[in-house]
Amino acid sequence: MLIRLSRFGLALPRLLSNPQTRFVSQSKPSGATVSPALTELHPVSEKAGHEEVSPFVKNPDYHGFSTDPVVDEWNMRVAFFMGISVALVIGGTFLRYLPDHGMREWARREAERVILQREKEGLPVIDENYYDPNKIILPSAEDK
Amino acid sequence: MLKILIPTLLLIPTSWLAKAKWLWPTTLLHSFIMTLFSLAWLKNTSETNWSTLNPYIATDPLSSPLLTLTCWLLPLMILASQDHLAQDPLVRQRIYITLLVTLQLSLIMAFAATELTMFYVMFETTLIPTLILITRWGNQMERLNAGTYFLFYTLATSLPLLITLLALQNKTGTLSLLIIQLLGPIPISPSVNIIWWTTSLLAFLVKMPLYGVHLWLPKAHVEAPIAGSMSLAAVLLKLGGYGMMRMMLILSPLAKELCYPFIILALWGVLMTSSICLRQTDLKSLIAYSSVSHMVLVAAAILIQTPWGLTGALILMIAHGLTSSALFCLPNTNYERTHSRTMILTRGSQMILPLMATWWLITCLANLALPPLPNLMGELIIISALLGWSTWTIIFTGAGALITRTYSLYMYLMTQRGPVPNHMISMNPSTSREHLLLTLHLLPLLLLVFKPTTIWGSAY
């Protein structure tokens with residue numbers, strides 16, 4: 001039964017029986033295609049020459065950090081904890097709750113509130129003059 | 001600021017004194033702690049914008065996102081380099097980490113400098129570790145040429161910048177950004193004004209890069225090892241943008257017409273570099289040209305000197321930093337398995353490494369500026385600002401945006417879809433390290449959707 005699982009090849013690295021033939025058509029070459037199947041060009045043999053041994057052979061739980069399993073495990077823990085739990089989660093919370101610098105968010109909320117209130121009361125939303133025209137003292141027209 | 005600088009400096013002895021098998025976890029832990037502290041810079045504490053102020057160093061809403069990005073990138077560079085350096089002897093691994101840390105230190109001091117002299121010195125200092133990374137740890141023979149282009153393009157334009165800064169010091173008596181921002185236009189004769197303007201900005205325009213002086217970038221990015229590509233794309237290009245934004249304060253607005261040729265070059269560059277992307281065979285080269293096309297848009301936005309232009313430039317710089325760095329990590333995962341960057345040789349990855357295809361998709365979508373990511377927001381603000389400057393720019397920016405989306409999708413489809421090549425007969429599955437690396441690039445980008453005020457800068 002385990003042999004059937006070998007079709008998953010690299011997904012179950014313990015069973016590296018035929019990794020090289022995972023993506024190769026296993027069907028016999030038909031008469032229409034003249035080229036031989038790839039299995040004949042690349043015979044399945046782990047022993048041929050020096051080949052890269054997958055680190056998953058020695059350490060099925062290889063995380064990508066180190067060939068030493070203990071260091072690999074700890075490196076993974078450090079990386080994931082510091083990267084995600086500390087930096088993204090705690091850092092993200094810090095950034096979310098930063099104070100409203102320059103009262104910009106307050107200004108936006110206040111503006112929306114005031115607009116709603118004025119529209120309800122029927123008042124103009126904003127006065128068209130920025131300064132009160134009565135308070136502006138203009139020099140009288142004099143001939144110079 | 002010292003609480004970041006001293007730990008960064010002491011990461012060098014850490015990398016030399018750590019035991020052999022605990023070298024990488026130790027340096028990773030150390031760099032993540034510094035990243036956590038660096039988030040404090042994003043809190044703007046003063047009305048005058050300058051926080052963590054001392055005579056030499058300060059942060060303001062323009063530099064703090066860039067500083068945080070720099071500090072965020074060091075653990076990511078360490079994560080990315082672990083695999084390909086595992087074969088190297090221990091001393092070389094330690095030297096590599098030392099180079100990364102030196103680069104980090106000079107970048108932090110460059111972004112945080114208040115004196116333009118210190119900024120200039122640190123700007124030049126970043127060249128050295130990057131040059132060593134490219135020429136020593138690059139994988140192809142072309143790395144020597146790449147290093148030469150990288151060094152001399154930047155040096156040729158930054159030496160005039162040094163002279164300009166000295167002249168400025170002579171004229172105004174100060175080079176401190178805190179004072180210069182209050183000075184107003186410098187009295188210079190109009191003929192000298194042109195030279196002054198050009199020499200101040202050319203160094204940064206080459207760094208950004210501007211189309212026309214961008215040739216160093218594809219070479220350097222392609223030949224650099226992964227950490228080199230990441231830091232080049234994510235941070236070093238932004239040094240140019242940041243420098244431009246600072247120098248613009250000083251330059252007289254009488255030199256407004258001088259912007260014209262550079263803005264035209266920039267807009268044309270968007271079109272040209274995006275089109276070149278569609279014809280690339282080397283995956284890293286495609287991403288390098290994509291970097292050029294985004295940064296050239298940033299350059300145009302800074303040159304028009306409107307508040308929206310500067311805001312859009314900063315947002316796009318941060319978003320592009322994260323996206324581009326992720327985009328370099330992705331073909332590196334392919335390269336570590338197949339030792340090839342040729343696109344047609346690495347097709348059909350979705351069938352082989354389906355989880356990595358998820359990251360390819362999200363990163364390509366980020367690169368093509370999918371809403372609501374800050375990539376789009378930055379681009380939109382820049383396009384609107386350019387539209388306000390001149391209606392005709394929409395032709396360039398619109399066509400450029402269209403081609404950007406085209407080549408991003410092209411990159412995704414070429415690498416992920418299509419028939420699996422016959423020669424790839426044994427590929428290791430994607431490791432947790434690679435998934436984490438990409439998560440740490442893309443999650444901050446997604447989180448920035450919810451708090452864009454962090455990267456708005458002071459002009460908004």
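Lettering follows sequence order; numbering is per chain, from 1.
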Q: Nearest heavy-atom pair of Val71(A) and Lys21(B): which atoms, and what distance?
A: CG1-O, 3.2 Å

Q: Enter the distance from Phe81(A):CZ to Leu29(B):CG here, rounded to the nearest 0.5 Å.
A: 9.5 Å

Q: Does some side-chain heavy atom of Leu440(B) sit less than 4.5 Å from a side-chain heavy atom of Ile84(A)?
A: yes

Q: Tell me if the CG atom of Leu116(A) is crowded by more than 12 foreign heavy atoms within 6.0 Å.
A: yes

Q: Should Gln82(B) and Asn75(A) count as side-chain neighbours, where that means a heavy-atom distance under 4.5 Å?
A: yes

Q: Using every non-hydrogen atom in the two residues, find where Pro444(B) and Leu88(A) come nearest and quote the distance to one decimal.
A: CG-CD2, 3.8 Å

Q: Say you draw a straight line from NE2 of His101(A) to CH2 of Trp456(B); how long is it, rounded to the nearest 0.5 Å?
A: 12.5 Å

Q: Answer with side chain, backbone, both or neither: which region of Arg77(A) has an atom nearer than 4.5 Å to a non-hydrogen atom of chain B?
A: neither

Q: Within the supplied structure, the quantity of interest is the number of heavy atoms (other residues, nucleotides, ligands) at a distance under 6.0 Å from Ile344(B) CD1; does it exceed 12?
A: no

Q: Got a second to check how far Ser432(B)'s OG is from Asp61(A)'s CG, nearest 0.5 Å?
A: 9.5 Å

Q: Heavy-atom cut-off 4.5 Å, strictly under: side chain, backbone, both or neither for Leu447(B) against chain A?
A: side chain

Q: Can you name the nearest heavy-atom pair linking Lys451(B) to Glu105(A), along with the distance?
A: NZ-OE2, 4.1 Å

Q: For atom CD of Gln87(B), decide whether the heavy atoms of other residues, nucleotides or ligands shown that lie under 6.0 angstrom number more than 12.
A: no

Q: With a 4.5 Å cut-off on side-chain heavy atoms, are Phe80(A) and Leu436(B) touching?
A: yes

Q: Report, in residue-number order, which members of residues 58-81 of chain B are under 4.5 Å from chain A by heavy-atom distance.
A: Trp72(B), Leu79(B)

Q: With the side chain counted from C-beta on, respond yes when Leu28(B) and Met82(A) share a heavy-atom pair under 4.5 Å apart, and no when they do not.
A: no

Q: To the nearest 0.5 Å, what is the distance between CG (Asn44(B)) and CG (Leu98(A))?
A: 9.5 Å

Q: Identify the heavy atoms of Ala87(A) and Leu39(B) that sit nearest to each other, and give their distance.
A: O-CD1, 4.0 Å

Q: Determine the option with the most heavy-atom pairs under 4.5 angstrom with chain A, choosing from Trp22(B), Trp24(B), Phe450(B).
A: Trp22(B)

Q: For Thr26(B), is it the side chain, the backbone, both or neither that has a heavy atom under 4.5 Å from a heavy atom of chain A?
A: neither

Q: What parts of residues 62-70 of chain A touch chain B if we use heavy atoms and a cut-off under 4.5 Å?
A: Tyr62(A), His63(A), Gly64(A), Phe65(A), Asp68(A), Val70(A)

